[in-house]
Amino acid sequence: MARVLGIGGIFFKAQDGQAVGEWYRRVLGVETSEWGGAMFRHPERGYQVWSPFKVDTQYFEPSMAPFMVNLIVDDLDGVLQKAAAEGVEPVGRDDSDANGRFAWLMDPAGVKIELWEPNETSPFS
């Protein structure tokens, strides 16, 4: 049966792709390849989500981009400490969700990044 298995990639425009890639390497530890992108194995915990939002959603704010990127992390506090060491502070945080903990950063291209640390009771964890 032909079916979608999960998120295959995230693609977005940036004025300076090299600088954005460097920011992701420095702040979030994402290593990019020579061709400019990164590849991830299927996560061992959590899950990938595809979800359209209403056109008037405020969830992506303060970004003006019509999309947001969600990244699964294994240690939210550790990632935020690394980001803070690079001068990047979260634009929000929520430790109360039943599916885990969340925090949000803005990347240099103006894209809102949602960091998600699934908890042990999250589906597929």
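Quick note: numbers below take in every heavy atom, side chains included, and nothing from hydrogens, waters or symmetry partners. Fair warning: this is a prediction, and the values are worked out from it, not measured in the lab.
- The two residues P66 and F60 make their nearest non-hydrogen contact at O-CE1, 3.6 Å.
- None of D75, D94, D77 except one satisfies the salt bridge (charged side-chain N to carboxylate O under 4.0 Å, His left out) rule with R101; the exception is D77.
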Practice prompt. Mind running side chain to side chain contact (heavy atoms under 4.5 Å, CB included) on L76 and D95 for me, showing each step along the way?
Written response: CA-CA 10 Å; L76 183 63; D95 292 317; 4.2 Å; yes
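- A cation-pi geometry, defined here as NZ or CZ lying under 6.0 Å from the six-membered ring centre and within 45° of its normal, does not hold between K112 and F67.
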Worksheet item: Hey, mind stepping through F40 and I72 against side chain to side chain contact (heavy atoms under 4.5 Å, CB included) and telling me if it holds?
Response: CA-CA 11 Å; F40 302 93; I72 298 171; over 6 Å; no
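- Between F102 and W116, the ring planes are parallel. Angles under 30° get that label, and only those over 60° would be called perpendicular.
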Worksheet item: Taking it one step at a time, do M68 and S63 satisfy side chain to side chain contact (heavy atoms under 4.5 Å, CB included)?
Response: CA-CA 8 Å; M68 181 180 69; S63 175; over 6 Å; no
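- Between L105 and the choices L115, L71, V91, the side chain to side chain contact (heavy atoms under 4.5 Å, CB included) rule is met once, by L115.
- Qualifying side-chain contact (heavy atoms from CB on, under 4.5 Å) partners for D74, counting only residues two or more places apart in sequence or in other chains: none.
- With sequence neighbours excluded, no residue forms a side-chain contact (heavy atoms from CB on, under 4.5 Å) with T32.
- Distance check: L28 CG to I113 CD1 gives 7.0 Å after rounding to the nearest 0.5 Å.
- Using a 4.5 Å cut-off on side-chain heavy atoms (C-beta onward), R93 and L80 make contact.
- The side chain to side chain donor-acceptor pair (under 3.5 Å) check on W104 picks up E114, with sequence neighbours excluded.
- For the side chain to side chain donor-acceptor pair (under 3.5 Å) condition, the pairs that include at least one residue of residues 78-89, sequence neighbours left out, are R26-E86.
- With sequence neighbours left out, D16 forms a side chain to side chain donor-acceptor pair (under 3.5 Å) with no residue at all.
- Nearest approach of G110 to A65, heavy atoms of both residues: O-CB, 4.5 Å.
- Scanning for side-chain contact (heavy atoms from CB on, under 4.5 Å) contacts around V49 gives Y47, S51, with sequence neighbours left out.
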